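Have a look at the structure below, then the notes.
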Amino acid sequence: MRVLLTGATGFLGGYLIEKLKKEKCEIVAIARSSSVLKNLNDGSVNFLFGDLKDEAFLKSAVKGVDVVIHAAATMRGDWDEYNRVNVKSTELLLNEVAKTKGKKFIFISSVIVYEHSTSEPEQNFDEDMGYEANDLTNYSRSKIEAEKVVKKFRKEKNANAYVIRPGALYGPGGQLYPARLGFALGSSKYLVIGDGNNQIPLTHVRSVADAAWRIISADKIESAYFNIIEDSNITQNQYLDLIKQNAIPKLKALKLSYKSGHFLAS
């Protein structure tokens, strides 16, 4: 099995490589020429250095592979940059994948695409929930637009394409504070918006890697979209308490009401 991976040098990318190695896959990984490969460059991964905005480069990279896992994404710049890197690259890669019957395409998205601004407390977000339309960042907008590209290729070209939606990623080597938790204020203070009782949709990086492999190895898949969230629930307060107990004894959590937060944001 020959697998092309984008975003290989990122936090999740390292665990995807770990899983693919375990399953004896031949790995081709796209990386920027400025990327720090660290322990990834051990000879078991064939690195291709290029730009996700380069159509000719992507066409060449897809040749001869059985699966494409598209995990790369930018998280900075204006909308044009997000669109070129996160959306257009998805379209370019899928256009090549769809030319060969049997090739699989896995897009790593995020639960951030869901319509959270109008959701009710304790509401469950399933895979059929609609997209967010109001409270959009460039990042969430780009993930939604990229998912629409996947949906279009599935419908119009019968592409063998799937979407994985992780929550807030965590695991060894990751950030101490996951996304959706709040804002760090120096080394020993942390700001939480609200009362801190919101549950964090945590996703271990190995859970995402396992999900990707299950899609790769499955003969038949009924669905195209998969939320990947851990079974156990934990609130913001509980998470910060664990950090205080195990990592930063002097950690102080500060609270800011939603009303004050919206005022400051505006």
Side-chain angles (χ1 to χ4, degrees), residues 2-13 16-17 20 27-32 35 48-114 127 130-133 136-166 169 203 208-209 211-212 215-216 221 223-228:
R2 185 175 170 89
V3 180
L4 175 66
L5 173 63
T6 73
T9 58
F11 175 42
L12 174 60
L16 287 167
I17 287 177
L20 294 171
I27 306 167
V28 181
I30 291 178
R32 294 187 298 270
S35 296
L48 302 178
F49 296 98
D51 195 327
L52 288 175
K53 294 174 281 187
D54 185 338
E55 183 174 358
F57 169 71
L58 293 183
K59 281 184 177 181
S60 175
V62 173
K63 287 181 180 178
V65 303
D66 304 295
V67 179
V68 174
I69 303 177
H70 190 22
T74 188
M75 299 189 73
R76 59 176 62 90
D78 58 17
W79 167 246
D80 286 342
E81 181 69 6
Y82 275 88
N83 187 46
R84 287 194 298 266
V85 177
N86 296 0
V87 184
K88 188 63 177 178
S89 65
T90 305
E91 184 177 7
L92 292 174
L93 286 166
L94 260 172
N95 193 51
E96 295 306 308
V97 169
K99 292 178 181 178
T100 305
K101 185 177 181 181
K103 281 188 179 182
K104 288 183 179 179
F105 181 90
I106 300 172
F107 176 64
I108 306 297
S109 185
S110 168
V111 295
I112 200 173
V113 302
Y114 289 125
E127 283 82 353
Y131 289 132
E132 176 61 50
L136 290 175
T137 63
N138 282 338
Y139 179 74
S140 59
R141 178 185 173 191
S142 71
K143 287 296 186 182
I144 291 170
E145 294 303 318
E147 283 201 17
K148 289 179 180 178
V149 170
V150 174
K151 184 176 182 179
K152 177 182 178 181
F153 270 79
R154 283 183 58 87
K155 181 179 180 181
E156 296 181 2
K157 297 192 177 183
N158 199 30
N160 204 5
Y162 306 90
V163 174
I164 290 177
R165 295 169 177 153
L169 291 175
T203 304
V208 181
I215 292 173
I216 291 171
I221 305 172
S223 179
Y225 304 91
F226 301 92
N227 293 341
I228 309 298

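The model shown is predicted, which means the values in this text are computed figures rather than measured ones.
Shown here are the side-chain hydrogen bond (donor to acceptor under 3.5 Å, both in side chains) partners of Ser142, two or more places apart in sequence or in another chain: Asn86.
Summarising the geometry of Phe107 relative to Thr90, their closest heavy-atom pair is CE1-OG1, 3.7 Å, with the distance given to 0.1 Å. The two residues Thr74 and Tyr82 come nearest to each other via the heavy atoms O-CE2, 3.4 Å. Taking all atoms of both residues into account, the shortest heavy-atom contact from Gly77 to Asn138 is O-ND2, 3.8 Å. Contact detail for Leu16 and Ala212: the closest heavy-atom pair is CD2-CB, 4.1 Å.
Counting heavy atoms from C-beta on, the side chains of Tyr114 and Asn227 come closer than 4.5 Å. Leu58 places a side-chain heavy atom less than 4.5 Å from the side chain of Ile30. Counting only heavy atoms from C-beta outward, the side chains of Leu169 and Leu12 approach each other to under 4.5 Å. Leu136 places a side-chain heavy atom less than 4.5 Å from the side chain of Ile144. Using a 4.5 Å cut-off on side-chain heavy atoms (C-beta onward), Ile216 and Leu20 make contact. Contact of the Leu4 side chain with the Ile69 side chain is not registered, since no non-hydrogen atoms from C-beta on lie closer than 4.5 Å. By the 4.5 Å heavy-atom criterion applied to side chains, Leu48 and Phe57 are counted as neighbours. Using a 4.5 Å heavy-atom threshold, the side chains of Ile215 and Phe226 count as touching.
The distance from atom CG of Asp66 to atom NZ of Lys104, rounded to the nearest 0.5 Å, is 10.5 Å.
The closest side-chain donor-acceptor pair between Asn160 and Tyr162 falls under 3.5 angstrom.
For Lys103 (side chain) and Val62 (main-chain N/O), a donor-acceptor pair under 3.5 Å exists by modelled atom type. With hydrogens and angles disregarded, a donor-acceptor distance shorter than 3.5 Å links the side chain of Arg165 to the backbone of Glu127. The main-chain N or O of Ala71 is found under 3.5 Å from a side-chain atom of Thr6 such that the two form a donor-acceptor pair. A side-chain donor-acceptor contact under 3.5 Å links Thr137 to the backbone of Ser140.
Under the side-chain hydrogen bond (donor to acceptor under 3.5 Å, both in side chains) test applied with Ser109, the options His70, Glu147, Lys143 reduce to a single match, Glu147.
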Derivation and outcome, salt bridge (charged side-chain N to carboxylate O under 4.0 Å, His left out), residues Lys53 and Glu81: CA-CA 10 Å; Lys53 294 174 281 187; Glu81 181 69 6; 3.5 Å; yes
Side chain to side chain contact (heavy atoms under 4.5 Å, CB included) evaluation trace for Ile106 with Ile164: CA-CA 7 Å; Ile106 300 172; Ile164 290 177; 3.8 Å; yes
Stepwise side chain to side chain contact (heavy atoms under 4.5 Å, CB included) check, Val149 with Leu94: CA-CA 8 Å; Val149 170; Leu94 260 172; 4.1 Å; yes
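Annotation for Lys88: atom NZ does not count as buried by contact number, only 12 or fewer foreign heavy atoms lying within 6.0 Å.
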Donor-acceptor pairs are to be reported for all side-chain atoms of residues 150-159 against protein atoms at under 3.5 Å, with residues two or more places apart or in another chain.
{"from": "Arg154", "atom 1": "NH1", "to": "Ala161", "atom 2": "O", "distance (Å)": "2.6"}
{"from": "Lys157", "atom 1": "NZ", "to": "Asn95", "atom 2": "OD1", "distance (Å)": "3.1"}

